[in-house]
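Let me begin by presenting the structure, written as structure tokens, before commenting on it.
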Amino acid sequence: MTVPADWPTTAEAARAEQERLRPLVVPEGPEPPRRPGTLIAGVDVAYDDERDVVAAAAVLLDYATLDVVEQVTAVGRVAFPYLPGLLAFRELPAVLDALSRLTRTPDLIVCDGYGLAHPRRLGLASHLGVHTGLPTLGIAKTPFTFTHEPPGDRRGDWSPLLDGPETVGRAVRTRQGVKPVFLSVGHRIGLPEATAVTLALTPSYRLPETTRRADSLCRRALAATVPAP
DNA sequence: GCGACAG
DNA sequence: ATCTTGTCGC
């Protein structure tokens with residue numbers, strides 16, 4: 001899980017890379033085991049553009065208990081600006097760095113963002129799946145450019161996430177009466193299982209434990225890197 | 001051409 | 001993402 005030497009630095013190069021990677025995406029591939037002992041990884045990144053510093057975190061949870069079994073961080077330089085549709089090029093270098101520090105290989109990685117639900121069908125989660133070869137799933141907090149009917153009010157209710165007529169993911173209610181999360185498959189997983197995993201990771205909050213844990217960890221890592229004023 | 005736009 | 005206070009509610 002290392003960053004290629006020819007990592008794109010311009011929007012043009014990044015879009016060209018997405019065109020090249022597209023055939024490798026396998027959203028309906030074989031499903032990994034989701035039994036007790038299965039390891040689910042969560043990754044997230046925090047930025048200090050002012051100082052050009054980025055901190056990534058990777059947490060490993062036991063799927064059955066949701067206990068943290070391992071957690072690592074990586075700090076580096078910001079490699080790419082934020083451009084809608086090209087988030088992977090901004091987040092992945094640091095994420096790959098953090099993942100490489102885990103001593104165990106995750107059975108599934110959950111991303112804070114999209115997978116298939118992407119203008120060119122290659123969001124952050126898809127991109128990470130292609131690079132690592134591991135199953136990935138994207139769980140986002142906003143609908144991005146997609147549309148959806150509000151899902152039912154109960155936890156577990158969901159509705160299709162649409163790009164025009166095409167279903168690219170699901171809006172899933174993880175807490176009764178609370179705004180849904182927006183999930184899409186990344187690599188080697190299908191929507192039904194992605195939905196089940198999402199619900200398993202949200203026993204008490206809207207966002208999955210993987211994202212919550214990784215988010216707080218990378219923020220702490222960033223704060224520890226930047227000297228207080 | 002002008003907005004909108006995962007994080 | 002990040003900047004930011006108090007406030008309502010379980």
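Note that this is a predicted model, so its numbers are computed, not measured. Letters A, B, ... mirror the listed sequences (proteins, then strands); counts begin at 1. Computed from heavy atoms alone, side chains included, the values below leave out hydrogens, waters and symmetry copies.
Here the range on DNA chain C touched by chain A, meaning any atom under 4.0 Å from one of its heavy atoms, is C/dA1 to C/dT2.
Of the charged side-chain nitrogens involved, at least one lies within less than 4.0 Å of a carboxylate oxygen, so that A/D49 and A/R90 count as a salt-bridged pair.
Listed by first and then second residue, the salt bridge (charged side-chain N to carboxylate O under 4.0 Å, His left out) pairs involving residues 68-80 of chain A are A/E70-A/R104 (not counting sequence neighbours). Among residues at least two apart or in separate chains, salt bridge (charged side-chain N to carboxylate O under 4.0 Å, His left out) pairs with a member in residues 129-153 of chain A are A/D112-A/K141. Screening residues 81-107 of chain A for ring pair (Phe, Tyr, Trp, His ring centres under 6.0 Å), with sequence neighbours left out, gives A/W7-A/F89, A/F80-A/F89, A/F89-A/H127.
Shown here are the side chain to side chain contact (heavy atoms under 4.5 Å, CB included) partners of A/S216, two or more places apart in sequence or in another chain: there are none. Taking the side chain to side chain contact (heavy atoms under 4.5 Å, CB included) definition, one finds that A/R154 meets it with A/D157, A/Q176, sequence neighbours left out. Remark: A/A13 pairs with A/P8, A/T10 by the side chain to side chain contact (heavy atoms under 4.5 Å, CB included) rule, at least two apart or across chains. Partners of A/A16 according to the side chain to side chain contact (heavy atoms under 4.5 Å, CB included) rule, which considers only residues two or more places apart in sequence or in another chain, do not exist here.
Other residues sharing the hydrophobic cluster of A/L161, ordered by chain and number and joined by side-chain separations under 4.5 Å: A/Y114, A/F144, A/F146, A/V168, A/F182.
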Quiz item: Yes or no on salt bridge (charged side-chain N to carboxylate O under 4.0 Å, His left out) for A/D163 and A/R121, after CA distance, side-chain angles and deciding distance?
Solution: CA-CA 10 Å; A/D163 186 354; A/R121 300 294 177 265; 2.9 Å; yes
Self-check item: Working for side-chain contact (heavy atoms from CB on, under 4.5 Å), residues A/T132 and A/L128
Solution: CA-CA 6 Å; A/T132 62; A/L128 181 60; 3.8 Å; yes
Practice problem: Spell out protein contact along nucleotides 1-7 of chain B as letters: B when the base is contacted, S when just the sugar-phosphate is, - when no protein heavy atom is under 4.0 Å; keep the 5' to 3' order. | Solution: ----BBB
Quiz item: Given Watson-Crick or G-U pairs with both distances under 3.5 Å, what dot-bracket string fits DNA chain C, with | for other-strand pairs and [ ] for crossing?
Solution: ..........
Exercise. Whenever both distances are under 3.5 Å in a Watson-Crick or G-U wobble pair, mark it; put DNA chain B into dot-bracket that way, with [ ] for crossing pairs and | when the partner is on another strand.
Key: .......
